[in-house]
Number of protein chains: 2
Amino acid sequence: MKNVTIRALAKELNLSVSTISKALRDSYEISEETKQRVLEVANRLSYTPNPYASSLRGKKSKNIAVVIPEIADSFFAIAINGIEAVVKEKGYHVLICLTHESFENEKAILREFGSGRVDGVLMSVSSETTSCEHICDLMDKEVPVVFFDRVLDEVDTDKIVTNDFESGYAATRHLVEKGCKKIAYLGISKSLAISNNRMEGYKKALADHHIPFEASDIVLCTNDPAYNIEIVKELLQRKKRPDGIVASVEKLTTTVYLACNELQLVIPQQLRIVCFSNLEIATILHPSLTTITQPAFEMGKSAATVLLKALDKKNNGQPKKQLVIPSTLIIRGSSSI
Amino acid sequence: MKNVTIRALAKELNLSVSTISKALRDSYEISEETKQRVLEVANRLSYTPNPYASSLRGKKSKNIAVVIPEIADSFFAIAINGIEAVVKEKGYHVLICLTHESFENEKAILREFGSGRVDGVLMSVSSETTSCEHICDLMDKEVPVVFFDRVLDEVDTDKIVTNDFESGYAATRHLVEKGCKKIAYLGISKSLAISNNRMEGYKKALADHHIPFEASDIVLCTNDPAYNIEIVKELLQRKKRPDGIVASVEKLTTTVYLACNELQLVIPQQLRIVCFSNLEIATILHPSLTTITQPAFEMGKSAATVLLKALDKKNNGQPKKQLVIPSTLIIRGSSSI
DNA sequence: GTGAAAGCGCTAACAT
DNA sequence: ATGTTAGCGCTTTCAC
């Protein structure tokens, strides 16, 4: 079966292509009766417009890209659901682009977007990303970029974040209040604002509670789970080992629990844990995991909403905003008995 | 900054557009020297071809769609990584389309694909899907569809599955061998082949081990976690309650563990559990979870590879194949002490 | 109220 | 080895 085009409809109805086009777009120039006939035939032949012809002609693709480090992290998986819920409504499509935490990948992906493939971009930068030229280049081409979660402060654009500093603070304070005297912080990047903000919150909480901060209590994890386990075990075997841990990303949950198992450390009696995580199964871990739960779905929804607004040419020249949606500390067994 | 087109390059170099086009595609008709000059200028002006013009012209989009029920399930999240790894290599893009287990959504999504938006489709049907017209309609339009995981038997196309029957059998036999006398099966759909195959394996294992099968031991779960908990609790409070459970999908893990917590049932002493799951955190559950782990990444990779092959017109008229990649029973604490 | 025609950016068949 | 040109399917002036 050949693809049915607007021309086929025109022939079928003995009308011109432009009349068909206008009828389909419900133009006021076309009579009700004609519109009806066009619609009827379009349906009968199950006509669907060629998106590429429209895009080429109209200079817009109805695609938006979601550029994220990985997808098998429940924060991003849930956020995508939020994004999708919003953009689908407006007839947009979601292109998922994974950087796998690589700056090179991220640059290559954005470079591709310079020629209209997508109308806009929602992104969370890779853990390696420290500069923003690739993003600014894209924005110079009038492709709006909205950051969510992992933002780059120096780029002047809309951002949807959660209260990382306060969450880091809250997590740490909670551990202090539970009696921890020496709290370690597991990060994933020296440069990521998100990681640093959480860490600053951590430091501030220590300071406010007169607990000396030691640089060696900051441990930088990697993408390699095996390596992470080793350094966490090393951390937990030090002469003066921590009695509390704030883990700044979800995937470190497994690392910490496994390290404790191997070292036969009892959670929370010997080590209290708070993890930034959206894992649904936090409740059934043993002990259940105290989490800082990010509003993943809402962040995705907001990011998409803001992007769609930016795409609407009417709303231009608006100053860029940063929207903060708070996370929640959910206290469970890993930090308190 | 205006978008740089092939025409701009032509003007810059005093060449014709076709020369540029050919040079960029490394045609043998063009001299090495010219190619170099074109490449240099293209780079300098950071030219990127307009994908929609190419698509419109060439009748192919370099997009493939991944149609899946949800993304916040680690099987699908991991599978996407496998898919992406393969198609990225060939310059394809991945369009993620979520059905949210709704047949209506699934139909609407496929209908859209009738006009060239995507060159091919990888899909796992929704739990509501029982008929295949929407899929056949698309295939009639020469859009290849490859199934993975949740297939529709009646559609004659390539399929990548895992050994569901054998896995259901293995899970059940394992529980029998551990001494279970009454084993329940948690399904999610009456119609899904995947769910039924696993169940048939379960039934066969019971029969082979002379354990009477009771229809009431089959419990159909839904998309509503709260409801699921209730029916599982009901199951576990029956006069003759099961001493083993085979849960056929990942999201039921939380359900079962929570139900046991609430009822103060001790796993595995009072109830042994095997769950179909790719959750990395299975190891740190308490007790750690015995799983049937599907080869999610490999299935994604294979599905993508097969689709790309089908997209390559040279390989046409090949008979459709079904590829089975086995799952693995990983025995952990939830089924044995 | 309807139609003719130009053109979005690219490719390829067909000149030269 | 390079250039000319038609056309992919659609939208949008502009004309009738």
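Convention: sequence-line order gives letters A, B, ...; per-chain numbering from 1. Side chains are part of it too, since the values below use all heavy atoms of this structure and drop only hydrogens, waters and symmetry mates.
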Among D:dT2, C:dG3, C:dC10, the nucleotide that comes nearest once only the side chain of B:P49 is considered = C:dC10
task = Verify the contact: side-chain N or O of B:Y52 to OP1 or OP2 of C:dG7, cut-off strictly under 4.0 Å; return yes or no.
result = no
ask   = So what does B:S55 hit on the nucleic acid, given a heavy-atom distance under 4.0 Å: a base, only sugar-phosphate, or nothing?
value = nothing
Under-3.5 Å N/O pairs linking protein and nucleotides 5-7 of chain D:
residue	atom	partner	partner atom	Å
D:dG7	N2	B:R57	NH1	3.1

Protein-nucleotide distance (A:N50, atom CG; C:dC8, atom P), rounded to Å = 18 Å
key: N or O in side chain of B:S31 less than 4.0 angstrom from D:dT2 OP1/OP2   = yes
message = Could you tell me how far apart A:K11 (NZ) and C:dG3 (C1') are, to the nearest whole angstrom?
response = 16 Å
query = Using 4.0 Å as the upper bound for N to carboxylate O, is an ion pair formed by B:K35 and B:D26?
reply = yes
query = Under 3.5 Å, is there a donor-acceptor pair between the side chain of B:D119 and the main chain of B:K62?
reply = yes
Most 5' of A:R7 and B:L15 on DNA chain D, judged by nearest nucleotide = B:L15
key: Salt-bridge contact A:R150-A:E101 (side-chain N to carboxylate O under 4.0 Å)   = yes
ask   = Is there a side-chain polar atom (N or O) of B:T5 under 4.0 Å from OP1 or OP2 of C:dC8?
value = no
task = Would you mind reading off the distance between A:D26 atom CG and D:dT12 atom P, rounded to a whole angstrom?
result = 14 Å
key: Options D:dC10, D:dT2, C:dT2, nucleotide nearest the side-chain atoms of A:E29   = C:dT2
key: A:E106 side chain vs A:T99 backbone, donor-acceptor pair below 3.5 Å   = no
key: Touch class at under 4.0 angstrom, heavy-atom based, for B:S21 against every strand present   = base
key: Value in whole Å for how far the P atom of C:dC8 lies from CD1 of A:I6   = 19 Å
note = Rounded to whole Å, CD of A:E33 lies from P of C:dT2 at a distance of 8 Å
query = Does any N or O in the side chain of B:S46 come within less than 3.5 Å of the main-chain N or O of B:A42, such that one atom is a donor and the other an acceptor?
reply = no
message = Measuring to OP1 and OP2 of C:dT2, would you say a side-chain N or O of A:Y28 lies under 4.0 angstrom away?
response = no
query = Got a sec, which residues hit side-chain contact (heavy atoms from CB on, under 4.5 Å) with B:N63, two or more places apart in sequence or on another chain?
reply = A:Y52, A:R117, B:S61, B:H93, B:V118
Gap between atoms CD1 and P, on A:I30 and D:dT12 respectively (whole Å) = 13 Å
query = Any salt bridge between A:E40 and A:R37, counting N to O under 4.0 Å?
reply = no
task = Report yes if a side-chain nitrogen or oxygen of B:S16 is closer than 4.0 Å to either non-bridging phosphate oxygen (OP1 or OP2) of D:dG3; otherwise report no.
result = yes
note = Among the nucleotides C:dG9, C:dA12, D:dG3, whichever has the atom closest to the side chain of B:R25 is C:dA12
query = What integer distance in Å separates B:L13:CG from D:dA1:P?
reply = 17 Å
task = Ignoring hydrogens and angles, answer whether the base of C:dG3 and the side-chain atoms of A:K22 contain a donor-acceptor pair closer than 3.5 Å.
result = yes
note = Closest to the 5' end of DNA chain D, once B:T34 and B:L56 are matched to their nearest nucleotides, is B:T34
message = If the condition is salt bridge (charged side-chain N to carboxylate O under 4.0 Å, His left out), which residues does A:E12 pass it with, not counting sequence neighbours?
response = A:R44
For atom CD of B:E32 and atom P of D:dT2, their distance in whole Å = 11 Å
